[in-house]
Amino acid sequence: MSFAAPPRRRPGGPPAKRRRSPLAITLVVIAAVVVALLLLAQFWTEVMWFDAVGFGNVIWTEWITRGLLFVLGFLLMGGAVFSSFAVAYRVRPVYAPSTPEQATLDQYREAIEPLRRVVTIAGPVVVGFFAGVAASAQWRNVLLALNPATFGEDDPQFGIDLGFYVFTLPAVRFVVSFLMAVVIIAGIAALVTHYLYGGLRLGPVPPGTPRTTRASRVHLAVLGAVLMVLIAANYWLDRYSLLTSANAKYDGASYSDVHAVIPSKEILTGVAVLVALLFVVAAVRGTWRLPAIGVGLMVVSAIAIGGIYPAVVQRFQVQPNAQELEADYIQRNIDATHSAYGLDGIETQPYDATTEAEQGALREDAETTASVRLLDPQIVSPSFRQLQQNKQYYNFADNLSVDRYEIDGESRDTVIAVRELNLGGLGDGQRNWVNDHTVFTHGYGVVAAYGNQPGPDGQPAFFEGGIPTQGALTDKGYEPRIYFSPSTTDYSIVGAPEEAEPWELDYQADDEQGGQQVNTTFPTQDVSAGPDIGSFGSKLLYALKFGAQEILFSDRVTEDSQILYDRDPMTRVQKVAPWLTLDQGMYPAIVDGRVKWIVDGYTTSDAYPYSTSQPMQEATTDSLTLAAQGVPVEMPQEVNYIRNSVKATVDAYDGSVTLYAWDTQDPVLKAWSDVFPTSVQPLSEISGDLMSHIRYPEDMFKVQRTLLTQYHVDDAGQFFSGQDFWANPADPVASGNAAAAKQPPYYLSLQMPGQESSAFSLTSTFIPGGNTDREILTGYLAADGDAGSTEGEVADGYGKLRLLELPRDSTVPGPGQVQNNFDSNPTISEQLNILERGSSNVVRGNQLTLPVGGGLLYVQPVYIQSAGSTAYPLLRRVLVAFGDQTGYAETLDEALDQVFGGDSGANAGDAEGGAETDVPTAPVEGGDATDPSAEPSTEPSTEPSTEPSGGTTPSGDPQSRLNSALQQANDALADSDQALKDGDFTAYGEAQDRLQQAIEDAVAAENEIESAG
């Protein structure tokens, strides 16, 4: 016999206590204080930020929920594992049999015994910590389960309200899985301890001798029974989860799932409960034979009933009759997908599009024709920079926004940009803490141009801009200072005592305005834009947070100061509403006298029964998102339910965030509104001014158009065959890493066939799916984005999806074919190639598609920009296509007349020529249009030509005239660049006239060369 108990402590008493060093104690205390301060700097500053924004309840609700779940998970896991260790050790046998196995275990016990207490405490703490972290991550699911809402619609299989699947099931499944993990790890701890201390023997034992002691048998049997009950619960819940599972052709429970898998799960549930009872019997009767047989039975059942039987049904019953047997379940999938993604209200109509361009065909589409947008918001940003940036410490976004404003009583499509602060534009000598954080604190004003009408010489026709701001929007009145914007990523400290001289820079006045620096002070006494930072404690915390001791010692940090950070509007909305998925298409608008950033928020779920799961990142990626710089918006991996439930605004002046309930019928929004009852404002609070700038969200539209490539088919039989599936076309003008990406949807005002009036819409096209390179048009989708202008009321048509289905034998060219027609047209390609031979680049704008004239009209602006250092695009030509007819002219109106037999029947926005710019332009001083921080060019300038602006036709042979014309074009481009740098717009206009004449001469000369050849 050998003793399983640990050896007694040797006599001699405890060792003498060593005196701790005062220095060591001091260092430990200092280290603890430093760590505490660093943690507090992160923790309490977040509380201060949320309180300043007015969403303090959000952070406390999240943190308290996370904390409670962490503690609960920690106690459950840690407590269960510790109890297993403790119980197994307490009931260990006093005497263990003398066997070779026990002799080996004696050595292990002697080695482990000094560390036993550490292991039995540290082990549960470690696993408990990780379990607590895993539990705290489920705070969203838990809060939804505690605040569920009903959908008012039952699932087609079990007849349970859909809210059970969206709100309750995810949390219940996590609880069951978590408890299974607790029992398994606790069981492992029990097994190891019982084996180590003799309660469980695995080696040879004398006949009739039990392998476990009574106490260890009861302990392990109880754990086994609990585990079997949890497995039974898991099998039962699997039945419901099948309704969101993925199959080869569709999502949701299939025929074999319903007729084989669900019954097998029910049988396995019963088997698991039976095995649990056998474990209880084993605890009482003292034999492991019955539970061992039960476990074997469960394994065999899982293989035979849960695996083989469904496979047999699928292989021999379903596959030979798939179309008939799967029809009902495919129909469930179609109906659920339409409902979950807002496709159930789509208006589909056949559109027998003609490809013959007849004279006067656009007469009935005059309103749409006049509104066609020529200004490409993804191209003209350099033009905005060069002509309206004014100072190098300002900048515009690379991709501008499309909106609509009422100008002179008429709604006009508008390209708008915010003049944001850009500290990177400052010279090295200007960069210091005072300038970066207290002087250059904000951007200034917005710049807006007409979307359908170019300005002089192909420039944007600005109706708002300048510093100080002036134009149609300034006349209405708005606050121009921009303290919060996407590119403003650093913190600023604003505010000062009322008697102090202002030091925050507004702008440098021109000579005619006195030439003085105009400063301002943010009125922190009346407006809260960020946490107060006047007290010593706040200064200390923020100095630690940002690693800036200047916050502690600067005289500009006063009792009236506030600190502004997390200034990106999307960051602010995501922080105050962590339950929302945000659209990537944030845009600015002047609303009620303030510049406000409008952000669309989605409530999503991946647990809607029978709905098709869609990868959000994949569906929302197109050529623009790939080409854009910066970090993409974080999105859920997969969703099968989405609603544009919230419209959020962020005030660019004071940073205030407001969430408005948009889809008031959304059950997910109702649930989150119960969780955060003061976060979301009712729809009635939306002002008429804000309502007029709300538009249909891009990312939701992208998800919907992706689904409609298949789910425009609403018949189960046709869906099964898949012969009429579509695809979204690639962007025909994209290049680089975005060359194969999908064409983005475009905002424009149009009147769809059957629509009573024109509406601001979001549009996209479809081409045949499958393995084909034949790119004809199969469908056209438009979402009505006009929400009206009535306070608290959404216009009836808003959000209406209209799908035009072209005949299956359609020959209407798709975007790729149209671009090929443009590029292969001899006249068009010849002139564009000539332009690219000189010191200029041709930039092709977005290819817009409009259902007008009984067919599909394509419009594409063509921009020319210098290949030199000062490069920005100017609108020079417009391409038009209708069927196989193409037009190419200086204006859209002329190009339309070319296509439609000399008279399109309607006037385009540029029919009367370019619009006059209503505000002055001011090139950035000494900078590069594409890089606001660039130094002035050191290249020698070209002297302006003395040739008259109209130009003269060179004499000599055609080749000489061609060479001369190209040289004149180069000279004119160089003169244009120099004139812009000098701010001489008279010389700039003359140079542009000479450039136009030189291009015409070059085209004529090349035509002569080809004719002679």
Side-chain angles (χ1 to χ4, degrees), residues 371-391 394-420 443-478 480 482 507 510 513 587-590 595 693 747 845 861 863-865 870-876 891-892 909-910 912-925 927 929-930 932 976 979-980 983-986 988-989 992:
S371 301
V372 174
R373 179 172 49 77
L374 297 175
L375 209 60
D376 187 339
Q378 280 71 48
I379 287 181
V380 298
S381 182
S383 298
F384 274 58
R385 290 192 185 105
Q386 183 63 39
L387 302 174
Q388 287 291 335
Q389 182 174 317
N390 293 74
K391 300 294 181 181
Y394 294 132
N395 201 4
F396 297 106
D398 290 333
N399 293 332
L400 307 185
S401 299
V402 178
D403 203 347
R404 65 275 193 208
Y405 285 86
E406 187 172 299
I407 308 298
D408 297 329
E410 180 184 357
S411 180
R412 301 289 297 271
D413 283 10
T414 300
V415 175
I416 187 169
V418 171
R419 191 182 287 108
E420 303 179 54
Y444 199 88
V446 303
V447 177
Y450 298 114
N452 66 333
Q453 204 170 9
D457 298 311
Q459 301 175 18
F462 298 108
F463 64 85
E464 175 69 23
I467 296 182
T469 60
Q470 54 187 295
L473 303 182
T474 297
D475 293 344
K476 297 179 181 180
Y478 75 96
I482 310 296
Y507 56 86
D510 295 332
Q513 297 169 328
Y587 60 101
I590 294 181
V595 178
H693 293 286
Y747 286 105
Y863 295 85
I864 308 297
Q865 69 180 23
T870 306
Y872 68 96
L874 297 173
L875 180 62
R876 290 302 185 195
T891 67
L892 172 60
D910 60 355
E912 298 180 2
E916 292 297 326
T917 297
D918 298 332
V919 296
T921 55
V924 61
E925 297 174 355
T930 59
S976 298
L980 280 175
D984 187 347
F985 286 94
T986 300
Y988 173 78
Q992 289 295 304

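- Under the 4.5 Å side-chain criterion, counting only non-hydrogen atoms from C-beta, Phe396 is in contact with Arg419.
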Dump the intermediate steps for side-chain contact (heavy atoms from CB on, under 4.5 Å) on Ile467 and Tyr394, then the final yes or no.
CA-CA 11 Å; Ile467 296 182; Tyr394 294 132; 3.6 Å; yes
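- Expressed to the nearest 0.5 Å, how far CD of Glu912 lies from OG1 of Thr891 amounts to 11.5 Å.
- Arg412 is linked by a side-chain hydrogen bond (donor to acceptor under 3.5 Å, both in side chains) to Asn452, Gln453, counting only residues two or more places apart in sequence or in another chain.
- Considering only heavy atoms from C-beta on, Pro588 comes within 4.5 Å of Ser401 through its side chain.
- Looking only at side-chain heavy atoms (C-beta outward), Arg385 and Val447 stay at 4.5 Å or farther from each other.
- A distance-only check finds a donor-acceptor pair linking the side chain of Tyr863 to the backbone of Asp376 [under 3.5 Å].
- One distance of note links OG1 of Thr414 with CG of Leu473; it measures 7.5 Å at 0.5 Å rounding.
- Using modelled atom types, no side-chain atom of Tyr450 and backbone atom of Gly909 make a donor-acceptor pair closer than 3.5 Å.
- Scored by the side-chain hydrogen bond (donor to acceptor under 3.5 Å, both in side chains) test, Tyr444 finds no partners at all (sequence neighbours excluded).
- Tyr587 pairs by the ring pair (Phe, Tyr, Trp, His ring centres under 6.0 Å) definition with nothing, not counting sequence neighbours.
- Side chain of Gln388 to main chain of Gly466: a donor-acceptor pair is present (N/O by atom type, distance under 3.5 Å, no hydrogens or angles).
- Across Gly845 and Ile379, no two heavy atoms sit closer than the pair CA-CD1, 3.3 Å.
- Scored by the side-chain contact (heavy atoms from CB on, under 4.5 Å) test, Pro377 finds Arg373, Leu400, Val402, Val415, Asn846 as partners (sequence neighbours excluded).
- Residues forming a side-chain hydrogen bond (donor to acceptor under 3.5 Å, both in side chains) with Thr474 (at least two apart in sequence, or on another chain): Glu464, Thr469.
- Residues Asp413 and Tyr747 fail the side-chain proximity criterion, which asks for heavy atoms closer than 4.5 Å.
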How far apart are the C-alpha atoms of Phe384 and Tyr872, what are their side-chain angles, what is the distance that settles it, and do they pass the ring-ring contact (aromatic ring centres under 6.0 Å, His included) test?
CA-CA 9 Å; Phe384 274 58; Tyr872 68 96; over 10 Å; no
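- Taking the side-chain contact (heavy atoms from CB on, under 4.5 Å) definition, one finds that Gln470 meets it with Val919, Pro920, sequence neighbours left out.
- The ring pair (Phe, Tyr, Trp, His ring centres under 6.0 Å) test applied to Tyr405 returns His693, not counting sequence neighbours.
- By the side-chain hydrogen bond (donor to acceptor under 3.5 Å, both in side chains) test, Gln378 is found to be paired with no residue, residues two or more places apart in sequence or in another chain being considered.
- Taking Pro454 as the reference, Leu374, Leu875, Asp910 meet the side-chain contact (heavy atoms from CB on, under 4.5 Å) condition, with sequence neighbours excluded.
- Within 6.0 Å of the CG atom in Asp475, the count of heavy atoms belonging to other residues, nucleotides or ligands exceeds 12.
- The side-chain contact (heavy atoms from CB on, under 4.5 Å) test applied to Ala397 returns Glu420, not counting sequence neighbours.
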